[in-house]
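Only one structure is covered here, and it is reproduced in the block below.
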Number of protein chains: 2
Amino acid sequence: MNSDPRASARRRATGRVTLADVAQAAGVSPITVSRALRGERAVDPELVERVRAAATRLGYVPDPAARALASQRGTHVAVLIPLLSNTLFVDLIEALQHTLRPAGYQALIGITHYNPSEEEQLLREQLMHRPAGLIVTGRSHSPAAQALIDASGVPCVHVMETIDAPGVHSVGFSQKAAGAAVVRHLIERGRRRIAFAGAQLDARTLQRLEGWREALGEAGLHDARLEWLNPAPSSMALGARLLEQILAMKPAVDAIFFCNDDLAQGALLAAQRLRLAVPKRLAIVGFNDLTGSDQMVPALTTVRTPRGEIGQRAAQMLLTLMRGGTPPERCVDVGFELVVRESS
Amino acid sequence: MNSDPRASARRRATGRVTLADVAQAAGVSPITVSRALRGERAVDPELVERVRAAATRLGYVPDPAARALASQRGTHVAVLIPLLSNTLFVDLIEALQHTLRPAGYQALIGITHYNPSEEEQLLREQLMHRPAGLIVTGRSHSPAAQALIDASGVPCVHVMETIDAPGVHSVGFSQKAAGAAVVRHLIERGRRRIAFAGAQLDARTLQRLEGWREALGEAGLHDARLEWLNPAPSSMALGARLLEQILAMKPAVDAIFFCNDDLAQGALLAAQRLRLAVPKRLAIVGFNDLTGSDQMVPALTTVRTPRGEIGQRAAQMLLTLMRGGTPPERCVDVGFELVVRESS
DNA sequence: CTGAAAGCGCTTACAG
DNA sequence: CTGAAAGCGCTTACAG
């Protein structure tokens with residue numbers, strides 16, 4: 001409560017207000033200030049109050065670099081996603097930041113482009129910066145990447161898929177079950193020749209394919225020639241091309257399940273150019289319920305994937321892990337929702 | 001050149017290889033290692049070689065936190081953009097990272113949602129982390145934000161617009177000229193009642209509007225009732241709604257310039273539902289050449305904005321600034337390109 | 001061109 | 001529940 005500025009806030013050469021300044025102003029030791037401000041360990045409530053007041057009065061702002069150096073742990077969370085051009089991941093990022101920022105963590109975004117070696121390289125870079133936590137899309141691609149994560153000891157949550165393995169934390173949904181749900185819906189509507197059109201062929205696409213296979217198999221409708229797999233990146237243009245290829249099949253298909261909405265949107269537009277009646281002659285279903293799918297003509301049937309909820313719950317789980325706690329569940333399934341519109 | 005591991009790399013408690021270890025192995029002082037590795041100041045080439053070799057041999061990795069603490073400057077660049085859901089900014093981010101990462105900088109992305117107070121809040125947070133540099137979309141919205149930037153002394157480059165003001169660095173193009181170019185194209189094609197449909201109403205949208213006004217004014221075709229401005233976020237659904245509203249006008253319009261491609265795409269789909277002949281009865285032009293615009297039926301005429309080049313050149317300019325240099329130009333104009341397709 | 005000293009601002013054990 | 005000491009790993013002036 002000293003009002004002499006020289007005594008209450010003796011500044012360093014940098015002009016910055018430090019922990020020591022706050023300690024002096026509050027009449028306690030620096031370490032007590034540190035503990036009081038972080039809420040770590042038990043500190044006399046009255047002291048906490050005094051410290052808080054002094055910190056506010058002096059305009060104290062902790063230095064993340066000093067904290068990181070002393071604690072050997074940064075204040076940011078590294079987030080590895082395949083792409084930013086799929087709005088799926090944009091929604092995920094927004095949700096993550098929404099939960100992480102108020103807790104004092106910055107998200108550092110790394111884009112892997114679905115490339116295992118880029119993922120590994122990014123992981124190496126990010127880990128060098130000692131992140132407090134890690135969010136990774138799906139299972140790591142290369143064993144080397146997984147080894148890096150394990151060796152780092154940095155808490156990690158995998159998102160988008162449910163991964164039920166010891167020591168692995170994940171938030172997502174069953175991509176396979178979602179794929180199967182699409183097929184069952186189409187069968188219910190009387191479709192018999194249901195093609196699967198996949199691009200990129202990343203792990204999750206293949207899991208949806210697995211669901212497609214299983215559901216068709218159970219109905220006795222599976223035919224391997226109905227699998228159209230293209231490793232090129234997913235895009236509207238590719239969807240248009242896939243549609244044309246699949247239409248050339250004999251016997252004709254009566255439905256196509258595209259592994260992502262952008263493909264399905266492109267196919268819908270191509271169908272228009274070809275004057276192909278959707279859903280009358282051909283049903284089209286997408287995946288992810290991306291922007292614009294509800295605007296298409298006809299509106300696209302798809303699977304709504306709760307990436308907002310995934311981001312939020314993954315962030316919460318990571319927060320628990322970073323504080324040294326144990327999350328209630330190691331593998332959280334947030335489910336999915338089939339959105340039936342006009343195209344099926 | 002000591003091969004005794006104990007002597008050549010005496011580890012700290014953390015097990016980390018430090019500058020001191022490298023110094024000892026190379027037989028020089030730590031500060032010389034620091035300088036040799038950073039390429040700062042003149043160091044005897046032979047020593048540099050020895051230091052490099054020792055660092056490689058020991059697997060030395062600099063600690064960003066320690067560097068940040070000692071130098072009072074972080075190793076990351078804060079990037080402020082309005083949204084990630086407009087792929088425009090995704091392309092920008094990718095280009096920025098592509099140039100920044102090899103130079104050893106990490107991009108920290110802040111999303112302002114076109115909200116000045118969020119921008120200010122983010123700026124405050126980011127600045128607290130002492131970024132090495134700053135990338136901001138357009139002119140800062142609030143004077144307070146600009147003041148924060150100026151006071152911080154952190155090098156800053158503004159992107160997307162050309163801002164020709166003293167002390168301001170920018171890379172972009174003239175949004176106004178681009179808006180005018182669209183209008184001139186439509187006039188050339190014989191259109192006379194050309195509406196402007198804008199959403200979000202951010203600074204750059206208003207600059208395009210300015211170009212629209214000017215070009216129409218010069219042709220004696222301006223009519224204030226042709227301005228349709230909606231502050232809601234840009235989306236396909238809003239584009240559809242705007243189209244319907246504008247179609248109700250009397251006398252009828254014969255062209256609409258949408259300030260962003262997603263609006264135009266939505267309008268194109270709505271036109272299909274309404275069985276409105278585009279471009280015969282109505283020309284539609286968008287802006288930014290986003291994903292899918294070339295796939296629309298009819299394909300969308302738009303303005304291709306070189307965000308990849310903007311990102312790359314802005315990063316280079318910032319790199320120069322961060323190294324204490326002076327970029328050759330303070331305001332770089334990368335231009336734009338009218339892409340005439342089928343909808344106009 | 002090179003180095004010894006001091007310091008950046010915080011936190012981690014270790015005591016009490 | 002609180003604190004004195006040491007240290008995290010680097011860089012900034014200041015000398016020479």
Side-chain angles (χ1 to χ4, degrees), chain A residues 9-51 55 58-75 104 128-130 132 322-324, chain B residues 9-51 55 58-75 104 128-130 132 322-324:
Chain A
R10 192 168 46 84
R11 304 289 163 90
R12 305 281 174 109
T14 57
R16 202 182 166 90
V17 179
T18 69
L19 249 198
D21 299 323
V22 178
Q24 193 176 330
V28 296
S29 74
I31 182 59
T32 299
V33 175
S34 170
R35 292 202 270 245
L37 259 26
R38 277 179 303 148
E40 183 236 28
R41 284 168 70 167
V43 175
D44 187 319
E46 196 209 323
L47 282 191
V48 172
E49 209 22 74
R50 231 158 75 202
V51 167
L58 300 183
Y60 170 67
V61 175
D63 183 328
R67 176 173 287 178
L69 180 58
S71 69
Q72 301 283 47
R73 184 127 295 184
T75 121
M128 171 192 313
H129 286 256
R130 307 176 171 292
M322 293 189 298
R323 286 166 186 148
Chain B
R10 194 168 45 84
R11 303 291 164 87
R12 305 279 175 109
T14 56
R16 203 182 165 91
V17 178
T18 69
L19 249 198
D21 299 323
V22 178
Q24 193 177 330
V28 295
S29 75
I31 182 60
T32 299
V33 174
S34 170
R35 292 203 270 248
L37 259 26
R38 277 179 302 148
E40 184 236 28
R41 284 168 71 169
V43 175
D44 188 320
E46 198 208 322
L47 282 191
V48 172
E49 209 21 74
R50 233 160 72 202
V51 167
L58 300 183
Y60 170 67
V61 176
D63 183 328
R67 177 173 286 177
L69 179 57
S71 69
Q72 301 283 43
R73 182 127 296 185
T75 123
M128 171 193 311
H129 286 257
R130 308 176 170 292
M322 292 189 298
R323 287 167 185 147

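Order of the sequence lines sets the chain letters (A, B, ...), proteins ahead of strands, with each chain counted from 1.
With rounding to whole Å, A:Arg35 atom CZ is found 14 Å from C:dC14 atom P. Rounded to whole Å, atom C1' of D:dC1 lies 14 Å from atom CZ of A:Arg50. In this structure, A:Arg73 places its CZ atom 17 Å from C1' of D:dG9, rounding to the nearest Å. With rounding to whole Å, B:His129 atom NE2 is found 21 Å from C:dC8 atom P. Protein atom CG of A:Leu19 is 12 Å distant from nucleotide atom P of C:dT12, rounded to whole Å. Between A:Arg38 atom CZ and C:dC10 atom P the separation is 11 Å, expressed in whole Å. Between A:Arg130 atom CZ and D:dC8 atom C1' the separation is 9 Å, expressed in whole Å. Atom pair B:Ile31:CD1 and D:dT11:P shows a separation of 7 Å (rounding to whole Å applied).
OP1 or OP2 of C:dT2 has not a single side-chain nitrogen or oxygen of B:Ser29 nearer than 4.0 Å. A close approach under 4.0 Å does occur between a side-chain nitrogen or oxygen of A:Ser34 and OP1 or OP2 of C:dT11. Regarding contacts with the backbone of D:dG7, every side-chain N or O of A:Gln72 stays at 4.0 angstrom or more from both OP1 and OP2. The phosphate of D:dT11 (OP1 or OP2) has no side-chain N or O of B:Ser71 nearer than 4.0 angstrom.
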Problem - For DNA chain D, the dot-bracket pattern of Watson-Crick and G-U pairs whose distances stay under 3.5 Å, | for other-strand partners - result: |||.||||||||.|||
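Take B:Arg323 and apply the salt bridge (charged side-chain N to carboxylate O under 4.0 Å, His left out) test, not counting sequence neighbours, and it matches no residue.
Applying the side chain to side chain contact (heavy atoms under 4.5 Å, CB included) test between B:Val28 and each of B:Val43, B:Val48, B:Asp44, B:Val33 identifies B:Val33 as the sole match.
Of the candidate nucleotides C:dT11, D:dC10, D:dC1, D:dC1 has the atom nearest to the side chain of A:Asp44. Closest to the side chain of B:Ala66, out of C:dT12, D:dC10, C:dC10, is D:dC10. Of the candidates D:dG3, C:dC10, C:dC8, C:dC10 carries the atom nearest the A:Arg67 side chain, counting heavy atoms from C-beta on. Minimum atom distance to the side chain of B:Leu69 is reached by C:dC8, of the listed C:dG3, C:dC8, D:dC8.
Where B:Thr32 and A:Ala70 meet DNA chain C, the nucleotide closest to each residue was compared, and B:Thr32 sits on the side nearer the 5' end.
Separation of atoms OG1 (B:Thr75) and CZ (B:Arg67) is listed at 7.5 Å; rounding is to 0.5 Å. Here the CD-CG distance, from B:Gln24 to B:Leu58, works out to 9.5 Å after rounding to the nearest 0.5 Å.
The minimum heavy-atom distance between B:Thr18 and B:Tyr60, with the atom names listed, is C-CE1, 3.6 Å. Considering all non-hydrogen atoms of both residues, B:Gln72 and A:Asp63 come closest at OE1-OD2, 4.4 Å.
As judged by a 4.0 angstrom heavy-atom cut-off over every strand, A:Pro30 is placed among residues making no nucleic acid contact.
With hydrogens and angles ignored, the 3.5 Å screen pairs no side-chain donor or acceptor of B:Arg130 with any backbone N or O of B:Gly74. Not one N or O on the side chain of B:Arg73 forms a donor-acceptor pair closer than 3.5 Å with the backbone of B:Ala132.
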